[in-house]
Amino acid sequence: MKLTFKMTADEFYRGFNFKTSKLGMNETCELVCLTVFLVLAAILTFTGVLKDTFLLILSIMLMLFFVFKMIMTKNSVMNDFQRSPILNEENTIRIYDEGLELICSVEKVYAPWKSVYAVKETKKELIILPTLSRGVAVISKERYKNELEEIIKILKSKGVMK
């Protein structure tokens, strides 16, 4: 089976987020930790345990920095996608009996079924990471509904998806 598809900037960003979360670089975790730190600093400051508000101000500044960092990362990834003729081209995913292959204009990534790194199905799309270091496929359920149903059946039958 073969499916040729295009990704939008938003889809590519969601694929980027999925990949970075698999790498352990999840910004949401950083934000949650900082929020807990901020709340704890606020409680300690307002209960009088901390007489100086320096810790509270520092917490607020760190929180604003990480929110700004998240916004800038999203803008950077989406701008890179929109400016790149390579990323804007069509991608092809081929399903074989032994594994899957992701083909774009500059690279071919083949992964046997046992080596497929990660697959995630959301309400909007199917995200496939054939390997950790190379390739990401984000296939829209809205645009490729019929073909995607077939791919999902195959991925489930091969034990790649639950």
Side-chain angles (χ1 to χ4, degrees), residues 5-89 91 93 100 102 104 106-107 109 111 113-145 148-149 151-156 158-162:
F5 64 97
K6 281 190 88 165
M7 292 185 276
T8 65
D10 282 330
E11 291 166 350
F12 183 76
Y13 178 69
R14 286 191 290 274
F16 172 83
N17 271 347
F18 180 59
K19 190 172 200 168
T20 56
S21 72
K22 289 292 181 185
L23 289 168
M25 301 185 312
N26 196 347
E27 291 177 337
T28 306
C29 182
E30 293 173 351
L31 199 58
V32 168
C33 290
L34 281 172
T35 303
V36 170
F37 185 71
L38 174 67
V39 169
L40 185 61
I43 290 170
L44 291 174
T45 301
F46 293 126
T47 58
V49 174
L50 289 177
K51 295 187 175 34
D52 194 2
T53 58
F54 174 73
L55 189 60
L56 182 61
I57 293 169
L58 179 65
S59 300
I60 292 170
M61 288 174 57
L62 283 171
M63 184 73 100
L64 291 174
F65 169 75
F66 277 100
V67 169
F68 179 72
K69 180 183 161 217
M70 288 174 64
I71 292 168
M72 293 308 294
T73 300
K74 180 175 183 177
N75 288 342
S76 175
V77 169
M78 292 180 75
N79 286 337
D80 287 348
F81 178 86
Q82 291 166 346
R83 290 184 190 137
S84 170
I86 294 168
L87 294 174
N88 274 298
E89 288 187 1
N91 299 289
I93 189 163
L100 62 84
L102 179 61
C104 72
V106 294
E107 73 178 350
V109 180
W113 292 120
K114 291 182 180 181
S115 299
V116 172
Y117 187 73
V119 177
K120 179 181 178 183
E121 182 180 11
T122 67
K123 291 180 183 179
K124 293 182 178 184
E125 67 254 333
L126 178 69
I127 304 172
I128 301 172
L129 297 176
T131 68
L132 179 59
S133 60
R134 294 177 43 215
V136 61
V138 183
I139 308 167
S140 169
K141 286 184 175 181
E142 184 179 312
R143 292 191 312 274
Y144 305 102
K145 183 177 182 167
L148 206 51
E149 288 175 3
I151 290 174
I152 290 171
K153 284 180 190 174
I154 294 169
L155 293 175
K156 285 182 178 178
K158 298 295 183 181
V160 178
M161 276 182 74
K162 295 175 182 162

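- Ion pairing between a basic and an acidic side chain is recognised when a charged N comes within 4.0 Å of a carboxylate O; E121 and K141 show such pairing.
- Side-chain contact between V136 and I128 is absent, with no heavy atoms from C-beta onward closer than 4.5 Å.
- When atom types are taken as modelled, the side chain of T73 and the backbone of K69 share a donor-acceptor pair closer than 3.5 angstrom.
- A distance-only check finds a donor-acceptor pair linking the side chain of T20 to the backbone of F16 [under 3.5 Å].
- Atom NZ of K74 is surrounded by 12 or fewer heavy atoms from other residues, nucleotides or ligands within 6.0 Å.
- Taken to the nearest 0.5 Å, the NZ atom of K153 stands 11.5 Å off from the CG atom of L148.
- Going from atom CZ of F5 over to atom CG of L102 covers 5.5 Å, rounded to the nearest 0.5 Å.
- Using a 4.5 Å heavy-atom threshold, the side chains of M161 and L126 count as touching.
- Residues M78 and D10 meet the side-chain proximity criterion, which asks for heavy atoms closer than 4.5 Å.
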Problem - Audit row: K124, R14, side-chain contact (heavy atoms from CB on, under 4.5 Å) steps and yes/no - result: CA-CA 10 Å; K124 293 182 178 184; R14 286 191 290 274; 4.3 Å; yes
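- With sequence neighbours left out, the ring-ring contact (aromatic ring centres under 6.0 Å, His included) criterion links F81 to F12.
- Here CD1 of I93 is found 5.5 Å from CD1 of I151. Values are rounded to the nearest 0.5 Å.
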**Study point:** Verdict with reasoning, I154 to K156, per side-chain contact (heavy atoms from CB on, under 4.5 Å)
**Key:** CA-CA 5 Å; I154 294 169; K156 285 182 178 178; over 6 Å; no
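- A salt bridge links E107 to R134: one of the charged nitrogens lies within less than 4.0 Å of a carboxylate oxygen.
- Using a cutoff of 4.0 Å between basic side-chain nitrogens and carboxylate oxygens, E11 and R143 are scored as salt-bridged.
- Residues passing the ring-ring contact (aromatic ring centres under 6.0 Å, His included) test with F18: none are found, sequence neighbours excluded.
- Heavy-atom neighbours of K158 NZ from other residues, nucleotides or ligands within 6.0 Å: above the threshold of 12.
- Between V109 and T131, the closest side-chain pair of non-hydrogen atoms falls below 4.5 Å.
- The two residues P130 and A111 have their closest heavy-atom pair at O-CB, 3.5 Å.
- Side-chain contact between T8 and V138: absent, with no pair of heavy atoms (C-beta onward) separated by less than 4.5 Å.
- Atom NZ of residue K145 and atom CD1 of residue I139 lie 15.5 Å apart, to the nearest 0.5 angstrom.
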